[in-house]
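Note sheet for the following structure.
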There are 2 protein chains.
Amino acid sequence: MKERDHPATLVDVARAAGVSPSTVSRIMNGTARVADAKRQAVLAAIERMHFAPNQMARSLKKGCTMTVGIVVQDISSPFFDETLRGVDDALLGTGYTSVVVSGHWNADEEADRIRLLLARKVDGIILLTGRMSDDTVLQFARERPIVATGRQLRSPGAVGFKVDNEHGAFIATRHLIDAGHRRIAFITGPAASSDANERLAGYRRALRSAGIDADHELIVEGDFHEHSGQRAIEHLLAHGIAFSAVFAANDLSAYGARLALYRHGVRVPEDVSLVGFDDLPGSMYTAPPLTTVRQPLYDLGRAATKALLSLLGRARPDDVVPPVELVVRETTRCVN
Amino acid sequence: MKERDHPATLVDVARAAGVSPSTVSRIMNGTARVADAKRQAVLAAIERMHFAPNQMARSLKKGCTMTVGIVVQDISSPFFDETLRGVDDALLGTGYTSVVVSGHWNADEEADRIRLLLARKVDGIILLTGRMSDDTVLQFARERPIVATGRQLRSPGAVGFKVDNEHGAFIATRHLIDAGHRRIAFITGPAASSDANERLAGYRRALRSAGIDADHELIVEGDFHEHSGQRAIEHLLAHGIAFSAVFAANDLSAYGARLALYRHGVRVPEDVSLVGFDDLPGSMYTAPPLTTVRQPLYDLGRAATKALLSLLGRARPDDVVPPVELVVRETTRCVN
DNA sequence: CTGTTAGCGCTTTCAG
DNA sequence: CTGAAAGCGCTAACAG
């Protein structure tokens with residue numbers, strides 16, 4: 001009871017069942033037909049000894065680990081978690097296990113983590129919204145297949161999935177315009193994020209196409225986190241910049257904006273309309289529920305995984321990622 | 001460019017540098033002093049060939065994989081994610097990597113996942129809030145060290161961390177009572193969850209100690225998810241059961257309760273006070289910010305990890321988990 | 001200080 | 001159908 005159990009090895013089983021190691025291996029893998037008597041004996045021994053093959057050894061031999069590496073940027077962000085759920089579900093029953101590491105929004109750390117995964121001999125990599133250059137990704141892809149989200153990529157060994165941010169932002173802004181809003185504030189994402197910039201572009205295009213001059217005062221900097229949304233609203237209010245609607249570059253900053261509005265007694269949607277981007281799981285339960293641009297995070301994770309599996313020769317990349325769509329809930333309202 | 005790069009092996013490096021494999025190994029691991037000339041040659045070769053040792057092979061040889069397995073129940077729940085963040089941070093720089101799997105709140109699946117981890121030869125396991133019996137945990141602990149949260153456990157090879165749910169619920173309820181509330185509804189968690197039941201017990205004790213009769217109509221069933229909180233409030237309202245405060249067994253169900261209240265025009269905190277349990281990262285940004293019992297999720301993850309590392313002989317379990325505490329924000333209010 | 005020699009536990013020819 | 005034997009890539013005695 002004191003010392004650790006020493007797990008049985010395949011050789012132990014073979015000995016116990018009175019057969020050769022190869023026979024046990026063959027039974028474990030269904031590699032070849034085996035006489036029924038021996039098969040029974042081996043199965044019994046496996047059962048009795050609680051034998052589980054050492055994956056480490058098997059991997060070393062076969063050259064593949066049945067493991068995929070997932071690189072996220074923040075291990076506790078609903079954005080990544082929802083995508084991870086898609087990944088996880090797609091992996092279920094395939095025999096693959098995932099190991100997830102975080103790049104913490106830092107290109108160097110990201111590369112380090114990928115090197116770590118490579119040293120651990122993952123069979124493939126899924127990179128979620130990385131900061132590193134496409135070239136670097138392609139470089140890594142020479143060693144192992146990579147599928148990345150948030151970028152366009154198409155080369156043997158690397159595929160990318162990208163959501164139409166510009167369009168999403170366009171329809172969100174247009175929704176606000178259609179509702180009669182003219183002074184629509186925009187809370188940006190980090191300047192370095194292409195997702196964020198594309199959303200800004202969509203916002204601008206919608207304004208332009210409606211013949212509304214973009215007032216640069218209405219564009220306030222944010223960083224995709226709650227607090228920045230809150231600060232953005234404080235800024236607008238403090239400077240007396242009028243607005244009847246706010247479009248936040250992501251849901252998290254919309255949450256922050258909502259709080260700041262609440263604190264200042266500005267009602268949503270009665271006084272100000274609010275739209276987010278992402279449609280995080282929680283956005284359905286804010287009070288009031290948030291109108292937002294739905295990004296198919298779960299499906300994205302799923303599709304990325306399927307694509308990787310297909311790169312690994314295990315499946316077809318059947319899944320099509322649904323497009324972004326506006327989901328109108330209760331934070332927007334007509335003015336007239 | 002077409003075919004995959006075949007990573008260099010230690011033997012390749014040795015050959016290129018004109019030394020024996022052992023020498024390369026010694027340099028990689030700092031296992032012994034090596035003549036400077038050879039060291040330089042080897043280092044150069046490593047650099048040039050982009051050599052990274054195959055962790056798989058190393059693990060097979062050394063019998064340890066420098067990997068720990070983490071079992072969660074829901075891969076995209078803020079509750080687990082916050083804990084995971086603590087785990088991740090504690091692992092940083094230790095050389096250990098984590099692989100996280102989900103038991104999906106199901107004892108059998110949980111056991112399966114643990115067996116998977118064991119087959120992959122993780123060095124240790126962290127089990128977050130499992131459903132399986134303590135005995136089963138102890139059984140697995142015979143093979144590899146396990147640290148579990150949400151249960152008391154103390155045996156060589158297994159340690160548990162448990163938060164004082166009863167006390168947390170007690171102080172939350174007492175806070176409401178002190179604010180003058182008498183009809184305090186309680187939204188339970190799943191009947192099978194000991195965390196949930198302990199919270200119910202704390203609620204009851206607070207009522208009792210204040211001389212308030214517990215009205216069983218005020219105790220409504222929930223399941224820790226948003227929707228159940230919403231339904232609980234609908235139920236109360238539909239049946240005309242009066243209450244001036246709600247204590248939800250966790251933050252998620254408090255969010256749902258908040259939404260239902262909003263939908264029915266019941267103001268929080270003006271008409272009804274609301275308290276949650278957990279203090280998820282988002283609870284600070286709800287409108288209004290949620291009063292809740294803070295559970296030190298991050299620290300719990302950290303402490304569990306430290307404890308595991310110490311079981312692995314790598315560190316002392318220095319961290320003490322801070323106790324639960326009430327954080328009063330803006331969803332509660334005095335009645336009088 | 002450094003090379004040689006055995007394996008870690010499993011899979012896979014290659015004979016039989 | 002089945003066993004013997006040869007490694008996968010690395011580390012750890014054991015001799016020099």
Side-chain angles (χ1 to χ4, degrees), chain A residues 4-43 45-46 49-67 95 118-123 143-144, chain B residues 4-43 45-46 49-67 95 118-123 143-144:
Chain A
R4 189 126 287 141
D5 290 5
H6 181 73
T9 75
L10 180 144
V11 177
D12 297 335
V13 173
R15 199 158 20 220
V19 300
S20 79
S22 348
T23 300
V24 180
S25 171
R26 284 193 266 260
I27 292 174
M28 295 296 305
N29 301 289
T31 313
R33 300 186 51 75
V34 171
D36 223 55
K38 305 208 173 197
R39 146 168 273 112
Q40 297 311 330
V42 170
L43 258 20
I46 288 175
M49 309 171 80
H50 298 298
F51 170 66
N54 181 332
Q55 296 298 334
M56 214 50 63
R58 163 199 282 250
S59 300
L60 181 57
K61 181 80 226 194
K62 312 235 308 182
C64 82
T65 54
M66 296 306 282
T67 300
L118 258 15
R120 296 212 170 230
K121 298 293 172 215
V122 295
D123 295 334
E143 194 154 337
R144 289 290 168 193
Chain B
R4 189 125 288 142
D5 290 5
H6 181 72
T9 75
L10 179 144
V11 177
D12 297 335
V13 173
R15 196 155 25 215
V19 300
S20 79
S22 349
T23 301
V24 180
S25 172
R26 284 193 266 259
I27 291 174
M28 295 295 308
N29 302 290
T31 313
R33 301 185 51 74
V34 172
D36 225 52
K38 305 209 173 201
R39 148 170 270 111
Q40 297 310 331
V42 169
L43 257 20
I46 288 176
M49 310 172 77
H50 297 298
F51 170 68
N54 182 332
Q55 295 298 334
M56 215 49 62
R58 163 198 282 250
S59 299
L60 181 57
K61 179 79 229 196
K62 312 233 309 183
C64 83
T65 54
M66 296 305 281
T67 301
L118 257 16
R120 297 212 168 230
K121 297 296 173 210
V122 295
D123 294 335
E143 195 153 337
R144 290 287 169 196

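Below, read A as the first sequence line, B as the second, and so on, with proteins coming before strands; counting in each chain starts at 1. Everything numeric in this text was worked out from a predicted model, so none of it was measured.
When only modelled atom types and interatomic distance are considered, S20(B) and T23(B) share a side-chain donor-acceptor pair under 3.5 Å.
Heavy-atom minimum distance, I46(A) versus M28(A): CD1-SD, 3.5 Å. For the pair D12(A) and M49(A), the tightest heavy-atom approach, listed with the atom from each and the gap, is CB-CE, 3.7 Å.
One atom, CE of M28(A), and another, P of dT11(C), lie 7 Å apart when rounded to the nearest Å. Straight-line distance from the CZ atom of F51(A) to the C1' atom of dG9(C): 8 Å, rounded to whole Å. Atom-to-atom, CG of L10(A) to P of dG7(C) comes out at 18 Å; the value is rounded to the nearest Å. Counting to the nearest Å, the P atom of dG9(C) and the CE atom of M49(A) are 13 Å from each other.
Atoms CZ and CZ, from R39(A) and R26(A) in turn, are 11.5 Å apart once rounded to the nearest 0.5 Å.
Between R120(A) and T67(A), every side-chain heavy-atom pair lies at or beyond the 4.5 Å cut-off. Using a 4.5 Å heavy-atom cutoff, the side chains of R144(A) and L118(A) are in contact. The shortest side-chain heavy-atom distance between L60(B) and M56(B) does not fall under the 4.5 Å cut-off. Taking the side chain as every heavy atom from C-beta outward, I27(A) and K38(A) never approach each other to under 4.5 Å.
A donor-acceptor contact shorter than 3.5 Å links the side chain of S59(A) to the backbone of Q55(A).
Among the heavy atoms of the strands lying under 4.0 Å from S22(A) is at least one base atom, whether or not backbone atoms are also near.
Across dT11(C), dG3(C), dT12(C), the shortest atom-to-atom separation from the side chain of T23(B) is found for dG3(C).
Residue whose closest nucleotide on DNA chain D sits further toward the 5' end, between S25(B) and D36(A): D36(A). Between R26(A) and P21(B), the residue whose closest nucleotide on DNA chain C is further toward the 5' end is P21(B).
At a cut-off of 3.5 angstrom, counting only N and O atoms as typed in the model, there is no donor on one side facing an acceptor on the other between the side-chain of T31(A) and the base of dT12(C).
Mapping heavy-atom proximity under 4.0 Å, the span of DNA chain D touched by chain B runs 5' to 3' from dG9(D) to dA13(D).
Residues from residues 54-63 of chain B lying near DNA chain C, meaning a heavy-atom separation below 4.0 Å, are L60(B), K61(B) in numerical order.
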